[in-house]
Protein chains: 2
Amino acid sequence: MAQVSIKDIAQKVGVSNATVSLVLNGKEKGGRISAEVASRIREVAKELNYEPNNLARSLRVGKSRTIGLIIADISNNFFASLAFYIQEFAEKYEYAVIITNTNESSGKMGKMINVLKSRQVDGFIIVPTEDGEKHISELIASRIPVVLLDRYFPDLPVSHVIVNNYHASLDATNLLINLGCKNVALLMYDNQLPHMLERQKGYEEALKKANLFNPRLIKKINYSLITRDIPEAIDALLEEEQKVDGIFFATNSISMLGIKRLMELHITIPDDMKIVCFDKSDAFEFSNISIPYIQQPIKDLGRKAVDVLMELINQDTSTFTKIELFAHLLNVPE
Amino acid sequence: MAQVSIKDIAQKVGVSNATVSLVLNGKEKGGRISAEVASRIREVAKELNYEPNNLARSLRVGKSRTIGLIIADISNNFFASLAFYIQEFAEKYEYAVIITNTNESSGKMGKMINVLKSRQVDGFIIVPTEDGEKHISELIASRIPVVLLDRYFPDLPVSHVIVNNYHASLDATNLLINLGCKNVALLMYDNQLPHMLERQKGYEEALKKANLFNPRLIKKINYSLITRDIPEAIDALLEEEQKVDGIFFATNSISMLGIKRLMELHITIPDDMKIVCFDKSDAFEFSNISIPYIQQPIKDLGRKAVDVLMELINQDTSTFTKIELFAHLLNVPE
DNA sequence: CTGAAAGCGCTTACAG
DNA sequence: CTGAAAGCGCTTACAG
């Protein structure tokens, strides 16, 4: 509407648009603008309640100071916190964040990439979905800075910030073994994403080393059928000949429903069944049992993702940075 | 970088920019462009992998197709879901959403309003903070469409979408009364936001009608000191002469810590203490007791907020719409 | 040292 | 009916 522009200020003060722009951007040093003119410009700008139009600026300078964030499942607490921190850190760089959600659909991820591209985001932070490798590699080809977060594709020449899932899972499984479990199960998602496979690998190696590995105890859950698959998996495990005495839940969404099922069946944790979870659930607060879990450094993940992206945007090189953070076990019984 | 523009297509096909723009926007009907030219343009656009620059478009048409969403506390599950739905519905209108968080600070809310304004958002959806009335009224004065969500300021001429907090709280308190509670406490935040005061009012009226009102049983929590104030409040209630037998928790963040405290003290729910909560917490899933709670229609709140804002944006009137939805009690014991 | 002009990529009112 | 031109608000390279 009655948007005040640089032109209005220039007119009122009686100088050129350029001079106004220079002063308002603090670039007066080069073109030694008289102090009076400068202060007069600032005065009028305030008086007219001038606010710069970032759209125009972006169009001109070719940078939008906007990050496109694509999250696989924003209803998951872990990702929601991640989004929160990314926003906080981006703000420090004076970047805005457009958050979108794919609901684990690679088709939607592709669509979101295009939406955000057409809005001229300067870079992407993406938690990719399964089968999304093609979309990511196309994005890379278009030479827009990208950082993958939490999940990654080992073969793609792209920066990422992840947690060492293998080690975390190794530790978690070893904890159950050290607590005396002989038949340790794994509930994980049935997908081919490397981070999930590495959680499986950590689990397997720990058990193999202890001579306790039994492939029958790995249950794979279909993401879109969790409310059906998880109780079924738990029930199946309880019917195993070798009494299952430990479970490693590979994600917090799985642990949520898994623990719920155990409680429904009146199985006492940790007496009848010892468990370890990947990520904390809010729900832990509530229960009076202390459940060991793998704590990912969410804040650091967010910070690093933003830092790496900013480097990519600013130095305009085509190198890539791979960052791996370590997760730690919490609530370990003494 | 090698961004393909309308000009490139025009040049290659040998027509004007205008023609290309018309065709690509499906506005060929007016200016009867020959079918061959149209299809040739589309062909070349695809071939060059053309993607429109929305920034330029926005600058020209004066609409950014972007909503600024300002949330008071994104770490709260209720608001996170709200943000999620708003995004989903905005997408249907081909609007993007820039989500920002104020952490309940009105100073930050003011800052965020300016950041989003300079990015030329077409409208705002805001969950305002306490003491934020001035910022909101300034925003209204600048004639940008605004919808307040979940919270509101009764005196301000601005659209809002809220839940009838009074009725919900009346129902919740009556439930406790009907279950036989004689001394019903309220844990609420210590602020002057109308939605909070209405929750208090519903609580009070129900108890007054039943001749059970006792102002000593209202405990006000300082938002930034919840981990200290909530256990203290619970402990104080338990020392009341008249044995407190029911508690109404006015928000899910309060209920989370409140229930945790009760469990630490080994107070059995609902035998020793009956409770009702405003909003569901994920944590409920976990516990094997069924806790009655007020379910707000989160999805509808999000949908309505977007619908109202879109109307405001499109019809450019200065009327305002006040929408009130009803919440319902769930998990009510028979 | 400083102002006038060009141009970012798009759309639309207007002249031919 | 269609193309050439203007202009959204800004910044910056360039001429004076």
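Letters go in sequence order (proteins before strands), and every chain restarts at 1.
The CG-C1' distance, from A:D8 to D:dG9, rounds to 10 Å in whole Å. Whole-Å rounding puts the B:K63 NZ to D:dG9 C1' distance at 17 Å. Following rounding to the nearest Å, A:Q120 (CD) and C:dG9 (C1') show an atom-to-atom distance of 9 Å. Distance CG (B:N17) to P (C:dC8): 11 Å, rounded to an integer number of Å. The separation between B:L22 atom CG and C:dA13 atom C1' is 12 Å, rounded to whole Å. Rounded to an integer number of Å, the gap from CG of B:N53 to C1' of D:dC10 is 14 Å. Rounded to an integer number of Å, the gap from CD of B:Q11 to P of C:dC10 is 13 Å. Taking atom CD1 on A:I6 and atom P on D:dT12, their separation rounds to 11 Å, with Å as the unit.
Comparing C:dG9, C:dA5, D:dA4 by their nearest atom to the side chain of A:A18 picks out C:dA5. Closest approach to the B:V61 side chain among D:dG9, D:dC10, C:dT12 is made by C:dT12 (side chain taken as heavy atoms from C-beta onward).
In this structure, CG in B:N53 is found 12.5 Å from NZ in A:K117, a value given to the nearest 0.5 Å. Taken to the nearest 0.5 Å, the CD1 atom of B:I9 stands 10.0 Å off from the CD atom of B:E47.
Scanning both residues, B:R151 and B:L148, for their nearest heavy atoms gives O-CB, 3.5 Å.
The partner of D:dA13, taking Watson-Crick or G-U wobble pairs whose two distances both stay under 3.5 Å, does not exist in any strand shown. For C:dA4, there is no paired base (Watson-Crick or G-U wobble, both distances below 3.5 Å).
Within 4.0 Å of B:N25, counting heavy atoms only, lie sugar-phosphate atoms of the nucleic acid but no base atom. Residue-level contact check: A:S5 touches the backbone only, with heavy atoms under 4.0 Å from sugar-phosphate atoms and none from bases. Here A:T19 lies in heavy-atom contact (under 4.0 Å) with sugar-phosphate atoms only.
Side chain of B:R119 to main chain of B:I98: no donor-acceptor pair is present (N/O by atom type, distance under 3.5 Å, no hydrogens or angles).
Spacing between D:dC10 and C:dA13 at atom P, rounded to whole Å, works out to 22 Å. Taking atom C1' in both D:dC14 and C:dG9, one finds a spacing of 23 Å when rounded to whole Å.
In terms of position along DNA chain D, the nucleotide closest to A:K7 lies nearer the 5' end than the nucleotide closest to the other residue of the pair A:R57 and A:K7. A residue-by-residue look at B:R60 and A:P52 shows that B:R60 has its nearest nucleotide of DNA chain D further toward the 5' end.
Residues A:V115 and A:T100 have side chains not in contact (no heavy-atom distance under 4.5 Å, counting atoms from C-beta outward).
For C:dC10, the OP1/OP2 oxygens have no side-chain nitrogen or oxygen of B:S21 closer than 4.0 Å.
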